[in-house]
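Here the structure comes first, spelled out in structure tokens, and everything after it is commentary.
For clarity, every value in this text was computed on a predicted model and none was experimentally measured.
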Amino acid sequence: GNTVLSLGVFYPSLPAAKLDTGLEQLARSATHQIASGPRSVPAPKPHPCQLVTADEASQLLQNKSVKWFFAANDAGSSDCDYISPQGMQHRVVIGLTTDTHSASSLYTTMHQTMQKGHDIKGLGDAAFYDGQNTIWVLKGGNVLHVTPFGSSVLDAATLQLLHNAVARL
């Protein structure tokens, strides 16, 4: 069929053996789910591709035109991935979690896990840089995270993009 399954673990804190076992179990479960017919997932509100537009992503990527890829799940998380013609190393990923419980838990877990970064004042209800080129923002029941590849997340243009995105939440 036309179904693509993509599994990824970001910032895993599990030992490698448990992570491998967990991913294998997740893949088996997802394959069974796909075989029984894929479910549709409603578009999230707000939509991450509206929080940061293609034009804004293009400006951040040195005015290169961008193509985008959107992914969502029924757990309340979605991503908008803007990719420049220069390839995967020159892109901006906007992640959004809109489920209030999941968002709060995700933000707290990531903030406690990522020890290399620092808090950022004046952005949403709380925000931090994780030390790995991603800024995480908690606003209300939402967590927004932005990762630019090919530029620094702490430069003025990216911070302005984040302020604009948070204002749209």
Side-chain angles (χ1 to χ4, degrees), residues 1-12 23 26-27 30 34 38-99 102-103 106-107 110-111 114 116-169:
N2 293 328
T3 302
V4 176
L5 172 63
S6 174
L7 299 175
V9 176
F10 298 94
Y11 308 114
L23 282 173
L26 184 60
I34 290 169
R39 297 179 307 209
S40 62
V41 176
K45 292 182 182 175
H47 195 292
C49 297
Q50 293 171 337
L51 297 178
V52 175
T53 67
D55 286 341
E56 290 169 323
S58 174
Q59 290 172 16
L60 194 64
L61 296 168
Q62 302 167 353
N63 292 317
K64 305 285 185 197
S65 62
V66 295
K67 296 191 184 290
W68 57 272
F69 175 78
F70 171 72
N73 64 37
D74 58 2
S77 294
S78 56
D79 292 307
C80 191
D81 193 344
Y82 292 109
I83 305 164
S84 87
Q86 293 173 294
M88 295 298 283
Q89 297 305 319
H90 297 275
R91 70 188 211 264
V92 180
V93 179
I94 296 87
L96 181 65
T97 301
T98 56
D99 175 74
S102 297
L106 173 64
Y107 183 87
M110 295 311 298
H111 194 261
M114 306 307 289
K116 299 176 190 172
H118 56 81
D119 290 342
I120 299 173
K121 303 291 182 204
L123 193 57
D125 299 331
F128 73 96
Y129 166 65
D130 70 3
Q132 296 188 16
N133 215 37
T134 299
I135 291 181
W136 297 79
V137 180
L138 177 66
K139 183 175 180 193
N142 301 297
V143 169
L144 171 70
H145 57 95
V146 174
T147 307
F149 294 82
S151 66
S152 170
V153 74
L154 295 174
D155 69 19
T158 305
L159 290 171
Q160 184 59 55
L161 179 135
L162 271 160
H163 279 282
N164 294 345
V166 169
R168 294 177 185 135
L169 272 174

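- Here the straight-line distance linking atom CZ of Phe128 with atom NE2 of His111 works out to 5.5 Å at 0.5 Å rounding.
- The structure places CD of Gln132 at 9.5 Å from OG1 of Thr147, a figure rounded to the nearest 0.5 Å.
- For Ser78, the side-chain contact (heavy atoms from CB on, under 4.5 Å) partners are Pro44, Pro48, Phe70, Ala72, Leu96, not counting sequence neighbours.
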For a quick test of your reading: what N or O donor-acceptor pairs under 3.5 Å do the side chains of residues 82-91 make, sequence neighbours left out?
| from | atom 1 | to | atom 2 | distance (Å) |
| --- | --- | --- | --- | --- |
| Tyr82 | OH | Cys49 | O | 3.1 |
| Tyr82 | OH | Val52 | O | 2.6 |
| Tyr82 | OH | Ala54 | N | 3.4 |
| Ser84 | OG | Gln86 | N | 3.1 |
| Ser84 | OG | His90 | O | 3.1 |
| Arg91 | NE | Asp81 | OD1 | 3.2 |
| Arg91 | NE | Asp81 | OD2 | 3.3 |
| Arg91 | NH1 | Met88 | O | 2.8 |

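- Here the straight-line distance linking atom CG of Leu106 with atom OG1 of Thr97 works out to 5.0 Å at 0.5 Å rounding.
- By the 4.5 Å heavy-atom criterion applied to side chains, Ile94 and His47 are not counted as neighbours.
- No side-chain donor-acceptor contact under 3.5 Å links Tyr107 to the backbone of Leu144.
- Among residue pairs with one or both ends in residues 128-169, none qualify as disulfide bond (SG atoms under 2.5 Å apart); sequence neighbours excluded.
- Heavy atoms only, all atoms of each residue included: Gly124 and Val137 are closest at CA-CG1, 4.0 Å.
- Note on residues 141-162: no pairs pass salt bridge (charged side-chain N to carboxylate O under 4.0 Å, His left out), not counting sequence neighbours.
- Under the 4.5 Å side-chain criterion, counting only non-hydrogen atoms from C-beta, Thr158 is not in contact with Val92.
- Listed for the Asn133 side chain is a donor-acceptor partner under 3.5 Å among the backbone atoms of Pro148.
- At least one side-chain heavy atom of Leu123 sits less than 4.5 Å from a side-chain heavy atom of Ile135.
- Separating the NE2 atom in His118 from the CG atom in Asp130 is a distance of 10.0 Å, to the nearest 0.5 Å.
- Taking Asp55 as the reference, Thr53 meet the side-chain contact (heavy atoms from CB on, under 4.5 Å) condition, with sequence neighbours excluded.
- Within the structure, side chain to side chain donor-acceptor pair (under 3.5 Å) pairs that include any residue of residues 160-169 comprise Glu56-Arg168, Gln160-Asn164 (at least two apart or interchain).
- Residues Leu51 and Pro46 come closest through the heavy atom pair CD2-CB, 4.0 Å.
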Q: Determine, stepwise, if the pair Phe149 / Val93 fulfils side chain to side chain contact (heavy atoms under 4.5 Å, CB included).
A: CA-CA 8 Å; Phe149 294 82; Val93 179; 3.9 Å; yes
